Amino acid sequence: MKIFKKEDKMSSLVSANSNLLPVINRFGIQLGFKEKTIQDICKEKEVNPDFFLAIVNTYTDENYFPEEELLSFSPLLLIDYLKNTHNYYIGYALPKIERLLENIMANCGENYPSLKMISSFYQKYKTELLLHLKHEDEKEFPYIVELYKTRKLRPGQKSITEYENEHTDVEEKLSDLKNLLIKYVEPGYNHNDMNEFLQALFQFEKDLYDHARIEDAILIKQVSMLENELKPNEVR
Ligand SMILES: [Fe+2]
Ligand SMILES: [Fe+2]
């Protein structure tokens, strides 16, 4: 896959991979790019072009993960981006998945029990994911912002590794849900509705995977390094 550079047209990003659109939107950038380059539009929107490219390229190519470069950006920049992503999940991606599922349920006949199981599995998954996002938004991110602003550890303060909830659980549950559908759903549903639902799950899984990768490999690492730097001052 192509790795994008500042001189590339912003339109070429979307032409190459339309799944990047929601990622681009999280930076406050919307369609109507004309012939402008990534650099031009980032300047207009006051977005750091290097940060923008590091994120966009991470989503473009599974093998591309500029860990060192990402570690060099401020965690506050990362948190802004991650929070926008949470809002996208809560306000759009999950409601969309739910709408598609309701659509399948509304149009199925005697097949109801099998889909009912899938629906209840999805509800459990959603509850768990929402809790995870809430924990990050309300506990973990505010802790990081405060730590970077005050550069002080409070006595008895939990460390970031204690704060961070495992991503494996939510990732595994989503994969189980997909497998449940692919392997065990009973016939009797509307194919087009079901395909649309499954595709939405695949797209969501990919987005969530990259999101968790940025949190685990970048944000948590940055904060742990700062905590270690600050520790000796606390002992004195
Ligand atoms: Fe998150
Ligand atoms: Fe997370």
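What you see is a predicted model; the values in this text were computed from it and never measured. All heavy atoms count here, side chains included; hydrogens, waters and symmetry mates do not. Atoms within each ligand, like the ligands themselves, are counted from 1 in listed order.
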Item to check | Distance (rounded to the nearest 0.5 Å) between Asp193 CG and Leu100 CG | outcome: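 Atom-to-atom, Asp193:CG and Leu100:CG are 8.0 Å apart.
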Kindly list each side-chain donor-acceptor pair under 3.5 angstrom involving residues 67-75, sequence neighbours excluded, with atom names and distances?
from	atom 1	to	atom 2	distance (Å)
Glu67	OE2	Lys221	NZ	2.2
Ser72	OG	Glu69	O	2.5
Ser74	OG	Leu76	N	3.0

Checklist entry - What protein N/O/S atoms are found closer than 2.8 Å to the Fe ion (ligand 1)? => result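 Listed by chain and number, the atoms are His86 NE2, Glu136 OE1, His211 NE2, Glu215 OE2.
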Checklist entry - Going by atom types alone, do Tyr92 and Asn87 pair a side-chain donor with an acceptor below 3.5 Å? => result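 There is no such pair (donor and acceptor under 3.5 Å, judged by atom type) between the side chains of Tyr92 and Asn87.
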Checklist entry - Cut-off 3.5 Å, side chains only: do Glu128 and His132 have a donor facing an acceptor? => result no
Item to check | Heavy-atom side-chain proximity of Leu94 to Leu129 below 4.5 angstrom | outcome: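 SC-SC contact between Leu94 and Leu129 confirmed.
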Item to check | pair Tyr59-Ile214: side-chain heavy atoms closer than 4.5 Å | outcome: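 They are in contact (side-chain heavy atoms under 4.5 Å apart), so the answer is yes.
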